[in-house]
Protein chains: 2
Amino acid sequence: MPERRPRKDAVRNRAAVLAAADSLFARCESPEAVTMADIAAAAGVGKGTLFRAFGDRTGLIQALYAERLEPVRNAVEAGPPPLGPAAPPLERVPALLDALLCFKLDNRHLALALEETGSGSPYQAEHYERWHSTLQAVLERIPGLTDSAFTAHALLAATRADLVEHLVGHQHMPREQLRAHLAAFTARILQPRAATGAVG
Amino acid sequence: MPERRPRKDAVRNRAAVLAAADSLFARCESPEAVTMADIAAAAGVGKGTLFRAFGDRTGLIQALYAERLEPVRNAVEAGPPPLGPAAPPLERVPALLDALLCFKLDNRHLALALEETGSGSPYQAEHYERWHSTLQAVLERIPGLTDSAFTAHALLAATRADLVEHLVGHQHMPREQLRAHLAAFTARILQPRAATGAVG
DNA sequence: AGTGAACCGGACCCACGGTCCGCATCTTAC
DNA sequence: GTAAGATGCGGACCGTGGGTCCGGTTCACT
């Protein structure tokens with residue numbers, strides 16, 4: 001049995017750290033204002049505990065993010081239509097994007113923290129890869145769409161955390177309006193293509 | 001005369017710093033690997049000089065970026081069609097996006113450095129605001145497009161530096177292919193809208 | 001040449017992510 | 001219950017990098 005069951009103080013501390021981090025990120029304006037020492041102090045543990053449990057700052061944020069994202073992920077992978085795999089592509093694509101947008105609206109601070117901390121770009125995070133491959137697979141089933149990989153990237157880019165933060169946090173765009181705009185944008189992409197060169 | 005002409009060593013040092021920074025950003029893989037001390041050393045000046053001339057890291061990168069962007073900016077604001085103001089909207093929108101994409105392709109390191117350093121999001125940078133308002137104004141003249149502000153944001157998001165870096169730098173997508181994809185995506189957005197609810 | 005202002009440079013400061021190791025605590029075996 | 005070993009704890013410590021400061025130097029103007 002190589003698997004050794006973890007000590008119970010370890011799991012308690014891990015949970016305490018996640019809770020403290022979530023609370024701090026939610027409370028503070030900018031995720032960068034929350035330091036690792038802050039989180040450790042708020043959780044009532046030492047910094048060492050925090051780094052042993054999560055590796056580094058990115059690991060901690062990813063763990064938090066993954067925890068919160070899990071219900072959405074389940075709904076996408078095995079849930080009922082329009083989010084689940086059984087939905088027809090033309091309905092599932094907007095559903096996927098709307099679900100992602102709503103998640104980012106509900107977890108602005110987390111999404112922002114993740115995209116800022118990602119040691120470079122969010123495109124190296126595995127969760128982005130999952131969203132992209134899922135979306136691309138669905139797009140591929142839509143006739144007339146040739147470059148599904150790029151289209152998936154471009155659609156996902158419209159839901160980026162800092163854009164959401166800019167529109168909702170700084171410009172106070174209402175949540176429903178943003179959802180409507182994204183839906184309209186998506187619909188434009190999905191509508192059947194007119195004959196090439198039909199400009200002017 | 002409140003205007004005092006700056007000392008010539010100051011202008012010489014300022015130019016040296018810009019040149020050194022440009023060279024270093026181009027040479028290094030990640031913009032974060034280039035420190036302010038590196039730039040100062042490469043320019044043959046002290047750190048104090050560098051910070052006095054540009055305020056902080058963001059200021060230096062913005063100055064570099066603005067310098068490089070100037071020709072494009074001129075072409076957009078006063079150049080001939082399809083980039084200039086005289087072009088019809090349906091031609092100018094793709095031209096604007098292609099110009100921006102090409103600029104980011106040619107200055108990957110700079111664009112990346114700017115978007116990473118921008119103390120949060122690139123949406124607070126004034127150059128973004130300029131691109132957005134320009135694009136939005138053109139989109140507004142296209143009949144059938146209701147939410148030109150959001151559409152402008154979403155289209156610009158498809159040209160973000162880290163996405164470009166991911167596609168070209170990491171996945172080695174050829175330049176022309178990326179341009180073609182963006183053009184196709186843009187065309188889908190610009191094509192006249194079909195009747196609402198025409199899904200499935 | 002002389003004077004004062006502007007500028008130079010690098011030593012210095014501080015905040016923060018991450019490491020280390022002596023000590024406490026949990027688990028397991030008896 | 002208790003001893004022994006493994007596991008985790010915590011906070012002092014380190015390296016790094018952005019930003020500041022001030023004595024000395026260089027420039028502009030007369």
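Chain letters run A, B, ... following the sequence lines, proteins first and then strands; every chain starts at 1.
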How about B:His166 and A:Tyr128: does a side-chain donor come under 3.5 Å of a side-chain acceptor? no

Grab the [atom1]-[atom2] distance between [X] and [N] for me, whole Å please.
X        : N      : atom1 : atom2 : value
B:Glu116 : D:dG18 : CD    : P     : 13 Å
A:Ile39  : C:dG17 : CD1   : C1'   : 11 Å
B:Phe54  : D:dT20 : CZ    : C1'   : 18 Å
B:Leu50  : D:dC21 : CG    : P     : 17 Å
B:Glu32  : D:dG17 : CD    : P     : 11 Å
A:Lys8   : C:dA24 : NZ    : C1'   : 14 Å
B:Leu24  : D:dG17 : CG    : P     : 13 Å

Between A:Asp9 and B:Ala33, which residue's closest nucleotide on DNA chain D lies nearer the 5′ terminus? A:Asp9

Given DNA chain D, 5'-ward residue of the pair B:Met36 and A:Arg52, judged by closest heavy atom: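 So the residue in question is A:Arg52.
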
Do B:Ile189 and A:Leu156 sit in one hydrophobic cluster, given that two such residues count as connected whenever their side-chain heavy atoms are within less than 4.5 Å of each other, even indirectly? yes

So, is A:Thr49 near the phosphate of D:dG10, with a side-chain N or O under 4.0 Å from OP1 or OP2? yes

Does C:dG18 have OP1 or OP2 under 4.0 Å away from a side-chain N or O of A:Arg57? no

Assert yes or no for the condition that the ring centre distance of B:Phe103 to B:Tyr65 is strictly below 6.0 Å.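 They qualify: ring centres under 6.0 Å apart.
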
Aromatic contact, A:Phe25 with A:His109 (centres under 6.0 Å):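 No, they do not, as the ring centres are separated by 6.0 Å or more.
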
Is there a donor-acceptor pair under 3.5 Å between the side chain of B:Thr117 and the backbone N or O of B:Leu114?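 No, because the side chain of B:Thr117 does not come within donor-acceptor range (under 3.5 Å) of the backbone of B:Leu114.
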
Is a side-chain N or O of B:Glu115 found less than 3.5 angstrom from the main chain of B:Ala161, in a donor-acceptor match?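 At least one qualifying donor-acceptor pair exists.
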
Proximity to DNA chain C (any heavy atom under 4.0 Å), residues of residues 10-21 of chain A only: none

Can you tell me if B:Glu126 has over 12 outside heavy atoms packed within less than 6.0 Å of its CD? yes

Would you mind telling me which residue lines up with the more 5' stretch of DNA chain C, B:Gly46 or A:Gly48, judged by nearest nucleotide?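 Its nearest nucleotide being more 5', the pick is B:Gly46.
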
From [options], pick the nucleotide closest to the side chain of [X]?
X       : options               : value
B:Phe51 : C:dG18, C:dC8, D:dG19 : D:dG19
A:Lys47 : C:dT19, C:dG9, D:dG8  : C:dT19
B:Thr35 : C:dC8, D:dC9, D:dG17  : D:dG17

Could a donor-acceptor pair under 3.5 angstrom be found where the side chain of B:Arg7 meets the base of D:dA28?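 For B:Arg7, whose side chain was compared with the base of D:dA28, there is no donor-acceptor pair (under 3.5 Å).
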
Have a look at B:Gly44 and say if it touches a base, only the backbone sugar-phosphate, or nothing, with a 4.0 Å heavy-atom cut-off. sugar-phosphate

